[in-house]
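See below for the structure under consideration.
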Amino acid sequence: MKKRVIPFAIGFIVCRAQAQSPPCDKLPYRLGHLVTLNSTDLRSSPRRISKKELKELGKKQDKAQNECNAFVSKHPGQPVSTEFSFTVEGFAAYYGRCESFCGTDKRLATAY
């Protein structure tokens with residue numbers, strides 16, 4: 001019983017904390033900011049990215065940006081974040097975070 005309650009309680013607390021976070025009243029407010037946390041090179045030997053891989057990378061980045069903007073817009077005025085990942089076959093795998101930010105550029109720089 002305890003094993004079932006603990007994950008539920010943690011999830012509930014996280015959801016409540018997001019719901020109770022103060023609205024953004026500071027400028028600039030950044031929507032849909034993508035941050036790459038890690039990337040893994042999948043190439044078998046050092047080489048340049050091919051045109052096909054570059055095109056696929058662009059499409060996947062655009063898709064990630066669109067999904068990020070959609071996620072952030074579901075929580076207007078709230079600082080939120082979620083994780084994302086995608087792979088460009090034969091080139092690289094990317095892992096990152098989509099976030100909105102409430103505050104000044106100076107505060108953002110100190111947060112990182």
Note, E99 side chain near V35 side chain (heavy atom, < 4.5 Å): yes

To the nearest 0.5 Å, atom OG of S85 lies from atom NZ of K60 at 10.0 Å

Linking Ile, Leu, Val, Met, Phe, Trp and Tyr through side-chain heavy atoms less than 4.5 Å apart, which residues share a cluster with F91? L34, I49, L54, L57, F84, F86, V88, Y94

With sequence neighbours excluded, residues passing side chain to side chain contact (heavy atoms under 4.5 Å, CB included) with E67: K63

Flag the pair E56 and K52 as a salt bridge only when some basic side-chain nitrogen lies within less than 4.0 angstrom of an acidic carboxylate oxygen. no

Under the disulfide bond (SG atoms under 2.5 Å apart) definition, can you give me all pairs with a residue in residues 42-98, not counting sequence neighbours? C68-C98

Determine, for E53 against R47, whether the closest basic-nitrogen to carboxylate-oxygen distance falls under 4.0 angstrom. yes

Gap between atom OG1 of T82 and atom NE2 of H75 - 0.5 Å precision: 8.5 Å

